[in-house]
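For ligands, and for the atoms within them, numbers begin at 1 and follow the listed sequence. In this text, all values refer to a predicted model and were calculated from it rather than measured experimentally.
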Amino acid sequence: MLKLKNVSKFYYNKGVIASGFTKVNIEFDIGEFVAIVGESGSGKSTLLNVISGLDSYEEGEMYIDGCETSHYRESDFEEYRKKYVSNIFQSFNLVNSYTVYQNVELVLLMNGYKKKDIKEKVLKIIERVGLKKYKNTLASKLSGGQKQRVAIARALAKDSPIIVCDEPTGNLDSKSAKEIIKLLKEISLDKLVIVVTHNLSEIEDMASRIVRMHDGKIVSDKKVKEYKEVKEVVVPDNKNIGFFNIIRLGFRNAFNIIPKFILLFIVFLFIAVSLLTEYGSLKKSEYEESKMGNNYYFNDLDDKRIIIKKKDGSSIKEEEFEVIDKLDNVARIVKSDVLVDSYLWFQNENGEYGISGVLRDIDLFEDKLGYGRMPENDEEVVVAVDEYDYYFNDKIEDAVKNDFYLEGDKNSFKIKIVGVVYLDSSAFTYRDSVIYASSELINKYMGIVNRNYSNVIVNINDKNYDSYNILGDNYAIIPSDKVSQGCAYTSEDINYGCRDYNCKNKGLGIKVNNLYYEDKLDLKICNVYNQKNVGNLLGIDKNSQGYGSIYINRDDYNNLFNKDSYQASVYVSHIDNIDMVSSELDTLGYDTLQIRKTLNNDGADMAKIMKIVKLIIVIIMIITLFFISYFVIKLILKSRNVYFSTLRILGGSFKQVKRITDVELFVDSTLAYISYLLIMFLVSRNIIHIKFISNVLEYLEIRDYILMYLILIGMSYLISTRFAHKIFKKSAMKSYREEV
Ligand code: ADP
Ligand code: MG
């Protein structure tokens, strides 16, 4: 059956050649019960490994059933092991995390048995080796003798004609040893059993033949008992493992060691989280780029914004706003459009603290305060600032003690900051501030904002003067409660413009025109002030910035500058609805302008380059992620090298072992991915709050989730492949030896 002719085995170790055995000539028949003895290092194990196809040989020829094997490749030996050989080792080589039943079943699963045929066979074999009581006990919980019985049961399940035992009793007490030898003897009737032992006495009276080795050579070979040679070798009809058995083992391995399962789950969860957030932020920045662009006329480039104006040029009345507000998909309206495009600049008295931003109605406030409280009167405001804003973070306590004035001018309007919201800032953008104020306050400021957008001409004595909105400019117009309606107070400085060098009681006309309207107002100069009387007349200091300007009654001022709204901004709730809302507004009699259509995208080329750079970063990240997870997973799976070499010793091929690992990692990664989707779902439903998830959630679509899942599965597949290659690069014996 087995014949070795002049076979030698050498070990190559760091350039040194060691001899395992040399020029061995020996032949074995089925039916024999062979004992191999010899001192330690004489080459017994090496011979067994070569015979069982676990190690290659370098010289001579080994015949199996008359066939040469010197040309065999690894896969041929796999095939040979699968059909012909079972191994039993001193160290048992069981799967410790499997039960007795599962250890025996494993052999049958590997050999393609169907589930329904397995159970009875396994139970019968377990009974035969006397372990019926322990069938559901974990292998790790058994005594040495019991473990070796499981190993024998496994060999029986495999039903191979050759059973090779390397010091099977080496770890056993003498009583268990005797029982094991007896069991092996029973089996040997229709098989070839080769037993290596250092204790000849325990086997002497049962062995049919005793081979003695010394220094890599066979020194004696004696038949000591008759045996019945089995001429007809029955090779078991072992099939390939089969799809369902791979799935079954993969699932079993995914869960059978809980700590390992949890570790792998965490690693895959980490990969899933990194993939989805990184991809989500790529999509987010892509989206932000798509609406990036420049525009010199508007500050607020929100792509959901539509600017509206009546087609007939008239102002928009309150009832008309109500109609717009009731349209579907309208999120909010800013009635005075200029507000959203003007940055207002507020400063405290000594200019130490400042804030600039757009004004927004406090009614639209829906954030959570990060500091302070909500306003309680018209002067108080809440500001939303970038989370890295220095003054409103580190110096917040000091900052809020101050009154803030528009453009730092005490004579203009005052706000008090009582609450702060911190806006998340992404890596490269600094968020603009928003000042949430009462509608009364906003109304007040509208007068100033409108003034800034208007051409104003002051007419004195039939002469026109441009009025710049600079405090202290002789023709600047400032509202005051001290001046009665119809009156204007001017400074002595412009007296020269009047014929008799005193402007008092002369007329003063103000003409206003801007994008939306023209208006004029005729006033009388009721008083001329100078440094002496300015305090009395106007209540301002002679050194104040406003000294020199023209003061008029606040109501007159509001009539000129605080008109009804002529232009407003409508914000839609979702960009997809913007065209629909636009056309509805059109039928209601408005000219509309979508702000996103006003952008000229000078930065498009730059944006394209940025996009490619970002894509490369994501790809590098995925590759890095792959290697990190490969090494982590390798470490986790390393503890299972024994398992894999056991599979190989049982005759598992590279493909089978790889497939089982594929399934195991597939199960783990899929579970991790599903768990993460679940977390994302909870975030999307606002049941839990995780900032980095909610940041990217709205940018991911179903196909992104599928794509990322495929990448994750692909990664786990590659990891499993690499891992299997790594194990199979070494010979089965080597990877086994390294572990035991
Ligand atoms: P035994 O089983 O009889 O104790 P072995 O077959 O293990 O002996 O060893 C036979 C010879 O081969 C010894 O000289 C040993 O040093 C050598 N040998 C065994 N395994 C290796 C190996 N992996 N690398 C190098 N030399 C080895
Ligand atoms: Mg040995």
query: Do you know the tightest heavy-atom contact between Val663 and Gly250?
result: CG1-CA, 3.6 Å

Tyr709 versus Thr670, side-chain donor and acceptor atoms under 3.5 Å: yes

- request: Could you list the residues that satisfy side-chain hydrogen bond (donor to acceptor under 3.5 Å, both in side chains) with Lys82, not counting sequence neighbours?
  value: Asn111

- request: Answer yes or no: does an N/O atom from Gly43 fall short of 3.5 Å to an N/O atom of ligand 1?
  value: yes

message: Could you check whether Phe723 and Phe644 have their ring centres less than 6.0 Å apart?
response: yes

- request: Under 4.0 Å from a heavy atom of Ser40: give me the atoms of ligand 1 that qualify, with their elements.
  value: 4 (O)

query: Shortest non-hydrogen contact from Glu105 to Arg252?
result: OE1-NH2, 2.7 Å

- line: Ranking Tyr12, Phe10, Tyr11, Phe21 by closest non-hydrogen atom to atom 26 (N) of ligand 1, top hit is Tyr11

query: Considering residues at least two apart in sequence or located in another chain, which fulfil the side-chain hydrogen bond (donor to acceptor under 3.5 Å, both in side chains) criterion with Glu59?
result: Ser8, Lys23

task: Under 4.0 Å from a heavy atom of Thr46: give me the atoms of ligand 1 that qualify, with their elements.
output: 5 (P), 6 (O), 9 (O), 10 (C)

task: Sequence neighbours left out, what pairs pass side-chain hydrogen bond (donor to acceptor under 3.5 Å, both in side chains) with at least one residue falling in residues 135-155?
output: Tyr134-Gln146, Ser143-Gln146, Arg149-Glu179

field: Residue selection (non-hydrogen contact nearest atom 11 (C) of ligand 1) among Ser45, Ser19, Gly216
entry: Ser19

task: Taking all non-hydrogen atoms of both residues into account, name the closest pair between Asp668 and Phe265 and its distance.
output: OD1-N, 4.2 Å

statement: Excluding water, the protein N, O or S atoms sitting under 2.8 Å from the Mg ion (ligand 2) are Ser45 OG

field: Under 3.5 Å: N/O of Gly41 near N/O of ligand 1
entry: yes

